[in-house]
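Here's the structure we're looking at; comments come further down.
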Amino acid sequence: MASFDTLNDWLSHLESIHPATIDMGLARVSAVRDAMGLRPTFPVVLVGGTNGKGSVCAMLSTMLERAGFKVGTYSSPHILRYNERVAINMQPVSDERIVHSFAAIEAARGETTLTYFEFGTLAAMHTFIDEQVDVAVLEVGLGGRLDAVNIFEPEVSVVVSVDLDHQSYLGDTRELVGFEKAGIFRAGKLAICADPNPPQSLLEHAANLGTDLRLVGKDFGITRLDHQWSFHMGEVHRHALPVPALRGEYQMINAAAALAALEGLRPLLPVGIGAIKRGLLEVDWPGRFQVLPGRPLTILDVGHNPHAARALADSLKRMAYAQNRFAVFSMLSDKDLPAVVAALKDEFDEWFVGGLDMPRGQTAAALTSQLHEQGVAKVKPFACVADAWHAALSAAGENDRIVVFGSFHTVAEVMAAKSTHA
């Protein structure tokens with residue numbers, strides 16, 4: 001049995017013990033769950049979707065915490081530190097806490113192989129049980145039906161959006177993807193769908209299971225006012241709600257999904273209007289249309305698929321005029337670059353492109369060639385994202401705008417460079 005003293009050593013070990021990064025299926029991780037006796041006695045919320053699921057987890061967790069509950073939140077991927085994935089009351093847990101859980105999993109798994117994500121999922125739940133949380137909010141990593149978080153029984157399930165991403169695993173149509181996302185639904189339990197045009201496959205799966213499915217625009221929704229909004233779901237009405245601290249027009253629907261999930265939890269975990277308002281005002285979720293302080297105006301966005309690109313373009317169109325608009329961009333090789341660029345190419349005057357030196361990363365030359373093929377004329381290539389970021393900063397004036405996007409790794413490199421530069 002392996003044993004390591006540091007979190008970094010453990011993470012290196014996790015990357016080496018399974019031949020594949022992704023191995024769809026629940027049998028192996030369920031077997032280790034059972035060997036460890038990981039049976040939460042607190043309610044669990046599963047949150048899936050192509051985009052928006054992390055923001056919903058953050059808003060839901062913050063509102064629950066502001067109501068006085070102890071909340072465990074599991075999300076992925078992280079931006080700078082692995083600990084971001086496992087939080088208690090929205091604060092990352094310590095290295096020692098994660099190492100303790102990793103050691104318990106290693107002792108229980110025997111010859112069973114686990115992927116990096118499966119190991120992390122079990123560690124999160126082991127931590128939440130040890131820490132005696134009141135509720136766990138778990139973000140689906142990929143899909144839903146065969147994702148590791150689906151080994152735990154939810155009190156409420158949420159599908160935020162359904163679009164194309166990870167097609168080699170989930171399928172290349174919204175109907176196929178919708179079926180995978182709906183795999184987190186349960187018979188007789190509440191499920192929330194915040195996609196305004198849900199695939200038929202999702203609706204049919206819910207009906208066949210006997211899930212209590214609530215749809216945005218039909219069973220719950222929002223009304224926008226000038227600087228406030230209201231939420232309604234059945235007989236429940238929440239008025240004079242503040243606009244969420246998370247920027248972007250799409251965050252209104254994400255907030256509605258979080259409030260709908262709260263209604264499902266209300267018999268067990270009642271949350272008052274004061275905690276709801278504080279949670280919306282105080283939620284923090286870096287890298288999601290995150291506007292940095294100062295000039296030039298700088299936005300960090302981890303969007304990396306066509307659905308996210310369209311949402312980013314919509315949010316940019318709603319912003320004040322910028323004299324020059326710069327993109328700092330890099331993208332992994334298995335993502336749909338043409339569709340992402342098509343959604344955003346009119347929003348930038350010049351692109352600063354950096355290479356990503358990692359598996360599935362692309363060189364600046366390869367990215368530049370693809371951008372030219374998509375009709376983007378002004379592209380400046382750099383060896384790494386940090387160099388592209390510094391060049392954009394040097395080129396930008398006070399009235400300009402810089403948007404960093406294309407991958408979690410792109411945003412992470414800029415955050416790290418910004419921290420070092422500061």
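Keep in mind it's a predicted model, so treat the numbers as computed, not measured.
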**OP:** Give every residue pair that meets the salt bridge (charged side-chain N to carboxylate O under 4.0 Å, His left out) criterion with at least one member in residues 73-82, sequence neighbours excluded.
**Re:** R81-D95
**OP:** Write out all pairs satisfying side-chain hydrogen bond (donor to acceptor under 3.5 Å, both in side chains) with one or both partners inside residues 188-215, taking only residues at least two apart or from two chains.
**Re:** E155-K189, R174-D195, E175-S201, D212-R214
Subject >> Partner residues of S101 under the side chain to side chain donor-acceptor pair (under 3.5 Å) criterion, sequence neighbours left out >> reply: R97, H126, T127
Original post:
Is there any side-chain hydrogen bond (donor to acceptor under 3.5 Å, both in side chains) pair reaching into residues 133-145, and which pairs are they, with sequence neighbours excluded?
Top reply: R145-E180
Taking distance alone, no hydrogens or angles, what donor-acceptor pairs closer than 3.5 Å link side-chain atoms of residues 61-75 to residues at least two apart or in another chain?
unit_1, atom_1, unit_2, atom_2, d
S61, OG, C57, O, 2.8
S61, OG, T73, OG1, 2.8
T62, OG1, A58, O, 2.7
R66, NE, E282, OE1, 2.5
R66, NH2, E282, OE1, 3.1
K70, NZ, E131, O, 2.7
Y74, OH, F117, O, 3.4
Y74, OH, T121, N, 3.2
Y74, OH, T121, OG1, 3.0

**OP:** Inspect the surroundings of CG in D130 and state if more than 12 heavy atoms from other residues, nucleotides or ligands are less than 6.0 Å away.
**Re:** yes
**OP:** Please determine, by modelled atom types, if N305 and R310 share a side-chain donor-acceptor pair under 3.5 angstrom.
**Re:** no
Subject >> Set of residues satisfying side chain to side chain donor-acceptor pair (under 3.5 Å) with respect to D9, sequence neighbours excluded >> reply: T6
Original post:
What salt bridge (charged side-chain N to carboxylate O under 4.0 Å, His left out) pairs are there with at least one residue in residues 340-355, not counting sequence neighbours?
Top reply: K317-E347, R325-D349, E350-K380
Subject >> Pairing residues for R238 by the salt bridge (Lys or Arg N to Asp or Glu O under 4.0 Å) criterion, not counting sequence neighbours >> reply: E263
Subject >> Results of side chain to side chain donor-acceptor pair (under 3.5 Å) for H78 - residues two or more places apart only >> reply: R85
Subject >> Qualifying side-chain hydrogen bond (donor to acceptor under 3.5 Å, both in side chains) pairs, either residue in residues 218-229, two or more places apart >> reply: R224-E249
Which side-chain N or O atoms in residues 29-42 pair as donor and acceptor under 3.5 Å with protein atoms at least two apart or in another chain?
unit_1, atom_1, unit_2, atom_2, d
S30, OG, L26, O, 2.6
R33, NH1, I151, O, 2.6
D34, OD1, R39, NH2, 2.7

Subject >> Ring center gap for H13 and F4 short of 6.0 angstrom >> reply: yes
**OP:** Return the minimal non-hydrogen interatomic distance between A364 and G354, and the atom names on each side.
**Re:** CB-C, 4.4 Å
**OP:** Please list, chain by chain and in numerical order, all residues satisfying side chain to side chain donor-acceptor pair (under 3.5 Å) with Q290, sequence neighbours excluded.
**Re:** none
